[in-house]
Amino acid sequence: MDNLLLSKIFKGRLEDLSNRKLLINTINAHSFNVARKDSMFYKALQSGDILLPDGVSVIFASRLLFGIKIKKIAGADLFYYEMKRLDAIGGSCFFLGSNGCTLQKIYDKAKIEFPNLKVHNYSPPYKPVFSKEDSQRMIELINAVKPDVVFIGMTAPKQEKWAFTYFNELDTKLVCCIGAVFDFYAGNIQRAPKWAIKIGLEWLFRLLKEPRRLSKRYIIGNTKFVLFILRMEIAIIFSRI
């Protein structure tokens, strides 16, 4: 099962995205660990059209298990690529998630940086699980404006599960689950500098910024992921003997 999920990781470039309707998710060590225990989250990631490698641990796993060298493509990379593309064609996007204050910051900033882009948004109620009425309200608001792209930022695995469940009901061309990018773009959270991202230390920068919230994810979670991948590799080696 775990091999199947890792083998689905996108190995191309953002420019390779087709014109058909797509559901795009990202995967890192944390989401992989969660997906191993959450069957619906696993199904959401496995059933999406594209799974972007958003973490150096995932890149390590791809190289070790499949001998394939891939490049990290973070949710922020996808976000900026799509925002520039939509601005160039006078397109539209819809931000679903976060709170009203953050969405207003995103709207104000986007209108300056991407003046040709039509920006819509909605902050859903804060609930562990949305009711059918909540989800129907979100679908109606999105479909009323028929955006080219829907960005969903409700944290994993909630956002991926919702997008997977209602993807076919959304009148849009592209659905992107990008989580923390909402806070990055709004300026609520500082993203790592380019040099740290380039050498694969974005996780360390985030850990130092938010040690209490992220220590379990990055220290314990990343260690579990690496050990699991090593066990998978050992099993593969012994299966060939």
Quick check: closest heavy atoms across Tyr122 and Arg137, and the distance to 0.1 Å? OH-CG, 3.8 Å
Side-chain heavy-atom pair Ser57, Asn28 within 4.5 angstrom cut-off: no
When the ring planes of Phe32 and Phe225 are compared, do they come out parallel, tilted or perpendicular, using 30° and 60° as the limits? perpendicular
I'd like to know if Phe151 and Leu52 are part of one continuous hydrophobic network [Ile/Leu/Val/Met/Phe/Trp/Tyr, side-chain heavy atoms within less than 4.5 Å]. yes
State plainly whether one hydrophobic cluster holds both Tyr218 and Ile199, where clusters connect Ile, Leu, Val, Met, Phe, Trp and Tyr through side-chain heavy atoms under 4.5 angstrom apart. yes
Axial cation check for Phe130 ring with Lys161, 6.0 Å and 45° limits: no
Counting C-beta onward and ignoring hydrogens, is there a side-chain heavy-atom pair between Val149 and Cys176 closer than 4.5 Å? yes
Evaluate the side-chain contact (heavy atoms from CB on, under 4.5 Å) criterion for residues Phe10 and Leu78: first the C-alpha distance (whole Å), next the side-chain angles of each, then the deciding distance (0.1 Å), finally the verdict. CA-CA 12 Å; Phe10 183 61; Leu78 172 64; over 6 Å; no
Is it the case that the side chain of Asp87 and the backbone of Lys84 share a donor-acceptor pair, with hydrogens and angles ignored and the cut-off at 3.5 Å? no
So Met40 and Thr165, side-chain contact (heavy atoms from CB on, under 4.5 Å) or not? Walk me through it. CA-CA 10 Å; Met40 185 177 178; Thr165 302; 3.2 Å; yes
Do Phe205 and Ile197 belong to the same hydrophobic cluster, where Ile, Leu, Val, Met, Phe, Trp and Tyr are linked whenever their side-chain heavy atoms lie under 4.5 Å apart, directly or via other members? no
Would you give the length of the straight line joining atom NZ of Lys146 to atom NE2 of His120, rounded to the nearest 0.5 angstrom? 11.5 Å
Is Ser123 reaching over with its side chain to a backbone N or O of Ser98, donor-acceptor style, under 3.5 angstrom? yes
Do Tyr107 and Gln104 come within less than 4.5 Å of each other through their side chains, counting heavy atoms only? yes
Looking only at heavy atoms, the pair that brings Phe164 and Leu23 closest together is CA-CD2, 4.1 Å
Rounded distance [0.5 Å steps], CZ in Phe60 versus CD1 in Ile229: 7.5 Å
Is atom NZ of Lys111 surrounded by more than 12 heavy atoms (other residues, nucleotides or ligands) closer than 6.0 Å? yes
Any side-chain to backbone donor/acceptor pair from Glu160 onto Leu45? Under 3.5 Å, distance only. no
Nearest-0.5 Å distance that lies between atom CD1 in Ile152 and atom CG in Leu96: 5.5 Å
Can you tell me how far CD1 of Ile27 sits from CD1 of Ile73, rounded to the nearest 0.5 angstrom? 13.5 Å
Using a 3.5 Å distance criterion without hydrogens, assess whether the side chain of Gln159 forms a donor-acceptor pair with backbone atoms of Met154. yes
Evaluate whether atom NZ of Lys173 has more than 12 neighbouring non-hydrogen atoms of other residues, nucleotides or ligands under 6.0 angstrom away. no
Taking side chain as C-beta onward, heavy atoms only, is Cys177 less than 4.5 Å from Trp162? no
Does the Asp77 side chain pair with the main chain of Ala74, one donor and one acceptor, at a distance under 3.5 Å? yes
Path from Val56 to Ile68 over hydrophobic side-chain contacts below 4.5 Å: no
Any heavy-atom pair between the side chains of Ile220 and Lys224 that's under 4.5 Å? yes
What's the verdict on side-chain contact (heavy atoms from CB on, under 4.5 Å) for Tyr166 and Met138, showing C-alpha distance, side-chain angles and the deciding distance? CA-CA 10 Å; Tyr166 297 103; Met138 290 182 252; over 6 Å; no
Could you tell me whether the side chain of Ser62 and the main chain of Val58 form a donor-acceptor pair under 3.5 Å? no
Kindly indicate whether the side chain of Phe182, heavy atoms from C-beta on, has any atom under 4.5 Å from the side chain of Asn121. no
Could you tell me if the side chain of Leu230 sits less than 4.5 Å from the side chain of Leu64, heavy atoms only? yes
With a 3.5 Å cut-off and no angle check, do the side chains of Asn143 and Asp171 form a donor-acceptor pair? no
Ser92 versus Asp148, closest heavy-atom pair with distance: N-OD2, 2.8 Å
Lys105 and Asn188: CA distance, side-chain angles, deciding distance, side-chain contact (heavy atoms from CB on, under 4.5 Å) verdict: CA-CA 9 Å; Lys105 290 178 181 178; Asn188 297 338; 2.9 Å; yes
Is Lys109 close enough and on-axis enough to Tyr185, meaning under 6.0 Å and within 45°, for cation-pi? yes
Are the side chains of Met83 and Leu117 in contact, using a 4.5 Å heavy-atom criterion? yes
If only atom types and distance count, is the side chain of Asn33 paired as donor or acceptor with the main-chain N or O of Gly221 below 3.5 Å? yes
Please find the pair of heavy atoms, one from Pro128 and one from Lys158, that lie closest to each other, and give the distance. O-CE, 3.9 Å
Just how far is it from atom CG of Leu207 to atom CZ of Arg213, taken to the nearest 0.5 Å? 11.0 Å
Working to the nearest 0.5 Å, report the span between CH2 of Trp203 and CG of Asn222. 6.5 Å
If you take all heavy atoms of Ala180 and Arg206, which pair is closest and at what distance? CB-NH2, 4.2 Å
Give the cluster check for Leu86 versus Ile178: same hydrophobic cluster or not, with ILVMFWY residues linked at side-chain heavy-atom distances below 4.5 Å. yes
Taking all non-hydrogen atoms of both residues, which atom of Val119 and which atom of Ala110 are closest, and how far apart? CG2-CB, 4.0 Å
